[in-house]
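Here is the structure we will look at, set down as structure tokens.
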Amino acid sequence: IRDTGATGKLLKQSIGINRSLFVLRKVIKALSVINRKQAQFARMSAQMPQKERSEARQGLSAMKRLVPYRDSSLTRLLKDALGGNSITVMIACLGP
């Protein structure tokens, strides 16, 4: 904001865009943690007793509920593409 000198409506739009991108980052990070935990669970589940396996599975489902999709309209729109049963590629053009 300091560099661009944005004020008024442009300032509000840039704040909203930055907030949405920040929430998108949080969602992607949460999904990657869940994916990593699922991979660990899959490797270790054969060696676990049934009770521990059930508790670990409940922990994974609780983590899935904590993905902050609802914190932004962008992530709400992308919920199915990001957390669904699909492969998503994100291409970004970033500048200084």
Side-chain angles (χ1 to χ4, degrees):
I1 297 169
R2 176 182 35 178
D3 295 338
T4 62
T7 59
K9 189 175 181 180
L10 183 62
L11 176 63
K12 287 183 180 182
Q13 288 176 343
S14 62
I15 290 171
I17 290 169
N18 284 336
R19 184 178 300 128
S20 291
L21 291 174
F22 177 73
V23 172
L24 178 61
R25 178 187 158 270
K26 285 177 29 179
V27 166
I28 291 171
K29 186 174 181 179
L31 290 171
S32 68
V33 167
I34 291 170
N35 191 24
R36 198 173 324 123
K37 296 283 184 186
Q38 284 177 332
Q40 288 175 349
F41 174 73
R43 284 192 303 269
M44 297 175 62
S45 65
Q47 302 164 356
M48 291 176 148
Q50 180 63 33
K51 183 178 179 183
E52 287 181 23
R53 196 177 320 160
S54 175
E55 290 171 357
R57 195 173 291 124
Q58 287 175 352
L60 283 173
S61 65
M63 286 177 74
K64 286 182 182 179
R65 283 179 275 167
L66 297 177
V67 178
Y69 292 116
R70 298 175 68 192
D71 292 354
S72 160
S73 57
L74 176 66
T75 53
R76 222 174 295 132
L77 288 171
L78 294 174
K79 179 180 180 179
D80 292 332
L82 293 171
N85 195 12
S86 63
I87 295 173
T88 303
V89 175
M90 182 176 159
I91 300 172
C93 179
L94 305 172

>> I'd like to check the salt bridge (charged side-chain N to carboxylate O under 4.0 Å, His left out) partners of Asp80; sequence neighbours left out, ordered by chain and number.
In response: none
> In Å and rounded to the nearest 0.5 Å, what is the CG to CD1 distance from Leu74 to Ile17?
Replying inline: 10.0 Å
> Out of curiosity, Arg19 CZ to Leu21 CG, how far, rounded to the nearest 0.5 Å?
Replying inline: 11.5 Å
> Partners of Lys79 by side-chain contact (heavy atoms from CB on, under 4.5 Å), sequence neighbours excluded?
Replying inline: Tyr69
> Of all heavy-atom pairs between Arg70 and Arg76, which one has the smallest distance, and what is that distance?
Replying inline: O-NH2, 3.3 Å
Name every donor-acceptor pair, under 3.5 Å, that has one atom in a side chain of residues 23-32 and the other anywhere in the protein, sequence neighbours excluded.
| from | atom 1 | to | atom 2 | distance (Å) |
| --- | --- | --- | --- | --- |
| Ser32 | OG | Ile28 | O | 3.4 |
| Ser32 | OG | Lys29 | O | 2.8 |

